[in-house]
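If you scroll down you'll find the structure; I have some questions about it.
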Amino acid sequence: MTKPYEPGGPSAAIRHREQELARTFVMLADSLVEDYDIVDLLDRLAAACVRLLGVTAAGLLLDDQQGRLAVIASSSEETRLLEIFQLQNDEGPCLECVRTGAAVVSADLDADRVRWPLFASFAMKAGFRSVVALPLRLREQTIGGLNLFDDRAVLVSPDDQRLAQALADVATIGILQQRSAHRSTMLAEHLQRALNSRVIIEQAKGVLAERNGMSMEAAFDSLRLYARDQNVKLTDLAFTVVHDDFNLAFLKGQPPAT
Amino acid sequence: MLAQGPTEGAERSKHICQLCAQLLGVTGAGISMVTATGNRGVVCATDEVSARIEDLQFTLGEGACVEAVKGGVPVMVNDLHEPGDVAVERWPAFMEGAAAAGVRAVFALPLRIGVISVGALDLYRDLPGKLTTGQLSAALTAANAAAVALLQLGTGYANPFADDTDGRAAYQMQVHQASGMVKIQAGVTIDEAFLMLRAHAFATGRSVADIAKDVVGRRLRLPTEDR
């Protein structure tokens with residue numbers, strides 16, 4: 001899903017992309033060494049997919065170990081997009097990808113209406129024309145999928161697909177490296193912890209949206225900004241908002257005196 | 001609508017424990033309630049050893065279930081004699097008491113929906129060995145069902161199981177966003193807000209996801225005067 005090929009050697013655009021790529025991997029590597037927040041990391045990763053691959057939207061879904069896929073991060077909080085992710089519990093490329101452990105590509109959703117009648121028409125109505133689903137793989141097991149959407153009917157280039165798979169692999173590492181009560185990894189624990197984080201963040205968004213009369217997107221932005229600004233974990237902050245009635249209203253104006 | 005909530009919740013919890021013992025290759029199962037307000041107690045146990053496991057943790061304030069509730073994630077001790085990578089040294093008295101009662105493996109699953117922590121489901125076996133992937137998956141499903149049953153038991157709402165008996169709505173983002181909104185609108189805790197959504201879904205014959213969508217879209221405010 002790259003821009004059209006430009007003859008005459010590496011253009012400024014390609015150089016820019018390479019710099020962006022290096023920056024992204026440095027950012028991700030930095031995130032992984034600290035006691036990071038998994039939703040924040042995956043959120044950055046989804047945003048990086050959009051920037052680096054030039055797609056319209058990106059999202060990460062995790063297998064909840066009970067046969068369902070749950071959205072854990074998304075490049076946009078737009079309801080329509082979230083619904084498309086959720087819809088894939090019934091049918092769609094991400095479901096197929098997680099089941100088979102292999103990449104699933106549709107260069108033109110219009111041509112795949114028979115394959116996924118519900119998903120294709122819903123996604124097209126939301127303005128998307130092509131989709132790529134890549135597995136989050138841990139050895140033989142698939143723990144989720146990275147979903148990329150484009151508003152053009154385009155086939156992902158092999159290079160872009162490799163890059164996207166590398167980003168998906170970073171997501172897998174991030175999920176498995178979370179600090180845990182067990183000394184070695186237990187997959188169910190990691191997945192449940194990540195999914196719980198997302199649930200708490202959604203609850204906090206609702207609290208802030210209602211209290212401050214803002215949209216869910218704005219509520220999420222204020223949470224994210226505050227967490228990064230104050231160097232606290234997104235999930236911890238969300239927990240405080242939901243449980244201790246901590247209000248972020250001041251974010252619209254001045255930060256609080258501490 | 002409030003009347004039969006607790007009874008139904010207790011029945012469901014018992015049924016869930018029995019199903020776990022029958023289907024998950026474990027010797028027994030028990031459920032304890034642990035709420036944020038400090039309320040705690042044994043809800044049910046399938047046999048004497050299970051009851052002993054729950055009692056031990058209640059008395060000692062430590063153990064696999066306590067750890068699971070605290071951390072919000074499952075704690076699996078596949079073999080009490082060789083706990084391997086689980087940090088069991090944090091609960092020595094529990095380990096000793098459980099082993100003396102004939103427990104060889106214990107699996108504690110937190111009962112929670114997002115930040116709502118309501119308790120734990122404890123499974124035990126008199127032989128060592130871990131749960132298979134299929135058993136673990138079934139245990140997590142049982143824990144979901146038990147969490148809802150306990151919420152109902154704890155708050156006295158009759159539970160609208162009209163939809164999403166498989167707990168699917170638990171992972172739908174808008175349901176959680178709506179819970180947060182209702183919490184502010186009605187001035188209740190997040191778990192009460194979630195139950196209000198379910199109760200409204202039940203009363204109107206719609207799905208929780210549908211109700212949540214309308215709340216988030218600001219087309220619906222839940223009536224709060226009857227609370």
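In what follows, chains are A, B, ... by sequence order, proteins preceding strands, each numbered from 1. Since we're looking at a predicted model, the values are computed, not measured.
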Distance col, row H176(B):NE2 vs I201(A):CD1, nearest 0.5 angstrom, shows 12.0 Å
Mind running side-chain contact (heavy atoms from CB on, under 4.5 Å) on R218(B) and E210(A) for me, showing each step along the way? CA-CA 9 Å; R218(B) 300 183 205 271; E210(A) 179 63 22; 3.6 Å; yes
Determine whether R198(A) and M173(B) make a side-chain contact, defined as any pair of heavy atoms from C-beta on separated by less than 4.5 Å. yes
Check: Should the heavy atoms of other residues, nucleotides or ligands under 6.0 Å from CZ of R99(A) be counted, would the total exceed 12?
Finding: no
### Message
Check this for me: Q18(B), atom CD, are more than 12 non-hydrogen atoms of other residues, nucleotides or ligands nearer than 6.0 Å?
### Response
yes
Is there a donor-acceptor contact under 3.5 Å from the side chain of K183(B) to the main chain of V207(A)? no
The interface call for L136(B) against chain A, heavy-atom contacts under 4.5 Å, is side chain
The reported gap from CG in L191(A) to CG in L140(B) (rounded to nearest 0.5 angstrom) is 10.0 Å
Taken in chain and number order and not counting sequence neighbours, the residues that satisfy side-chain hydrogen bond (donor to acceptor under 3.5 Å, both in side chains) with D169(A) are Q165(A)
Exercise for the section: Answer whether the closest heavy-atom distance between the side chains of K205(A) and M181(B) falls below 4.5 Å. Expected result: no
To the nearest 0.5 Å, atom CG of N144(B) lies from atom CG of D64(A) at 8.0 Å
Do the side-chain N and O atoms of Q203(A) and Q177(B) include a donor-acceptor pair separated by under 3.5 angstrom? no
